[in-house]
Protein chains: 2
Amino acid sequence: MPEQPEATGHRPAPVHTHPDDVALLTALSALADPVRIQLIRELASQPDWTLSCSNFDVPVGRAAKSHHFTVLRGAGLVEQRDQGPKRLNRLRREEFDARFPGLLDLTLRADDLG
Amino acid sequence: MPEQPEATGHRPAPVHTHPDDVALLTALSALADPVRIQLIRELASQPDWTLSCSNFDVPVGRAAKSHHFTVLRGAGLVEQRDQGPKRLNRLRREEFDARFPGLLDLTLRADDLG
DNA sequence: CGGACTGTATGATGGCCATCGAACATTGGG
DNA sequence: CCCAATGTTCGATGGCCATCATACAGTCCG
């Protein structure tokens, strides 16, 4: 292939990891962060594919937020789809629960002290 | 009180936290460590009160091991009782499972990749 | 008593990770 | 075509945590 087609204008699709390919330690580490727990809970409170990253109300800047979503994708917790300039999100409830039964439910339960 | 009674010779009993008083983030952080996962699994593989700290086969020194047990106590995962120079351990299965249903089972399941 | 064993405390060290600011890329709209 | 909005990437920074070596304390036994 001689030269690249001058970049089609496509943005690289986000890299996903299926929960089945996620190690227990990876999942626990991903959930052991207050910002990410908040992201997951906010995500669970709205229908799938309705929230773009900027819609989440967490006390960190855009860069950190982007990093957290990368971690959540890598742990099989979140799926992302590009739509226009936005990146819509979906919580992978069934798939993650099949791999780590009960873990997501625990995270979504609000009756905790932390 | 003028001077200390020259130390009675008692060792301070280990400080415990009941799982009900443990925050979700504390529990997840405690479990998000490979050495502590290994300790918990080894502990689960033997009857209660049969393993002293030095019996665990983890690739860290005594100081680090002692630190890990402190973390596990603080997360409501382990109970300790002094017997002679040894400190015997017990996994708080029922209590922890009542507070965080399924989390301990997940940790003990060996079918993970990490 | 004295020594072996067990565990804790302390200080130092190194590494990992969350965060930020700034620069950049993509998209869509005026 | 320019601009605003959205996200990512990069380098730097700071803090937290796991680890170690060392020193210390308690327990038991000979």
Side-chain angles (χ1 to χ4, degrees), chain A residues 4-16 25-26 28-40 43 49-75 78-89 114, chain B residues 4-16 25-40 43 49-75 78-90 114:
Chain A
Q4 293 301 106
E6 210 54 44
T8 73
H10 271 8
R11 180 166 29 164
V15 178
H16 288 100
L25 190 57
T26 303
L28 293 175
S29 301
L31 292 172
D33 180 283
V35 173
R36 288 194 285 266
I37 290 184
Q38 192 175 338
L39 288 175
I40 288 179
L43 188 53
W49 309 122
T50 57
L51 288 180
S52 73
C53 300
S54 65
N55 291 130
F56 293 81
D57 185 27
V58 286
V60 296
R62 283 158 308 181
K65 205 186 289 190
S66 177
H67 163 67
H68 284 305
F69 275 106
T70 301
V71 173
L72 291 176
R73 279 201 318 267
V78 166
E79 186 180 357
Q80 294 186 312
R81 168 211 294 175
D82 286 345
Q83 175 165 315
K86 313 207 170 187
R87 183 157 281 192
L88 303 182
N89 298 276
Chain B
Q4 293 301 106
E6 213 53 44
T8 74
H10 271 6
R11 178 165 33 165
V15 179
H16 287 99
L25 190 57
T26 303
L28 292 175
S29 300
L31 292 172
D33 180 284
V35 173
R36 288 194 285 265
I37 290 184
Q38 191 174 339
L39 288 175
I40 288 179
L43 189 52
W49 308 121
T50 58
L51 288 180
S52 73
C53 300
S54 66
N55 291 130
F56 292 81
D57 184 27
V58 286
V60 296
R62 281 161 316 205
K65 204 187 288 189
S66 176
H67 162 68
H68 284 304
F69 275 106
T70 302
V71 173
L72 291 176
R73 279 200 321 265
V78 165
E79 187 181 357
Q80 293 187 312
R81 169 212 294 174
D82 285 345
Q83 174 166 314
K86 313 208 170 187
R87 183 157 281 191
L88 303 183
N89 298 275
R90 170 194 158 247

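Just so we're clear, the structure is a prediction, and the values are computed from it rather than from any experiment. In what follows, every chain begins at residue 1, and chains take the letters A, B, ... in the order their sequences are listed.
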*Asks:* Using a 4.0 Å heavy-atom cut-off, does Thr70(A) contact any base of the nucleic acid, only the sugar-phosphate backbone, or nothing at all?
*Replies:*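 Contact class for Thr70(A): none.
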
*Asks:* Closest to the Arg73(A) side chain: dT8(D), dA18(C), dA18(D)?
*Replies:*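 Of all the options, the side chain of Arg73(A) is nearest to dT8(D).
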
*Asks:* Provide, to the nearest angstrom, the distance between the CZ atom belonging to Phe69(B) and the P atom belonging to dT19(D).
*Replies:*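 One finds 13 Å between P of dT19(D) and CZ of Phe69(B), rounded.
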
*Asks:* Just the rounded figure in Å: distance from C1' of dC5(C) to CZ of Arg87(B).
*Replies:*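 One finds 15 Å between C1' of dC5(C) and CZ of Arg87(B), rounded.
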
*Asks:* Does any residue of residues 79-86 of chain B have a heavy atom under 4.0 Å from DNA chain D, and if so, which ones, in number order?
*Replies:*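 By residue number: Gly84(B), Pro85(B).
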
*Asks:* Quick one: salt bridge (charged side-chain N to carboxylate O under 4.0 Å, His left out) partners of Asp33(A), sequence neighbours excluded?
*Replies:*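 With neighbours one apart ignored, the set is empty.
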
*Asks:* Atom CZ of Arg11(B) and atom P of dC5(C): how far apart are they, to the nearest Å?
*Replies:*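 Rounded to whole Å, this separation is 16 Å.
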
*Asks:* Not counting sequence neighbours, which residues clear side chain to side chain contact (heavy atoms under 4.5 Å, CB included) with Pro85(B)? List them please.
*Replies:*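 Pro85(B): no side chain to side chain contact (heavy atoms under 4.5 Å, CB included) contacts found.
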
*Asks:* Restricting to pairs with a member in residues 57-70 of chain B, which pass side-chain hydrogen bond (donor to acceptor under 3.5 Å, both in side chains), not counting sequence neighbours?
*Replies:*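 For residues 57-70 of chain B: Arg36(B)-His68(B).
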
*Asks:* Ser52(B): what forms a side chain to side chain contact (heavy atoms under 4.5 Å, CB included) with it, not counting sequence neighbours?
*Replies:*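 Testing Ser52(B) for side chain to side chain contact (heavy atoms under 4.5 Å, CB included), a comparison that skips the adjacent residues, returns Ser54(B), Asn55(B), Lys86(B), Leu88(B).
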
*Asks:* Using a 4.0 Å cut-off on heavy atoms, which residues in residues 54-68 of chain A reach DNA chain D? List them by number, or say none.
*Replies:*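 DNA chain D contact set from residues 54-68 of chain A: Ser54(A), Arg62(A), Ala63(A), Ser66(A).
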
*Asks:* Whole angstroms only, please: what is the CD-C1' distance between Gln38(A) and dA18(C)?
*Replies:*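 Checked: the CD to C1' distance equals 15 Å.
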
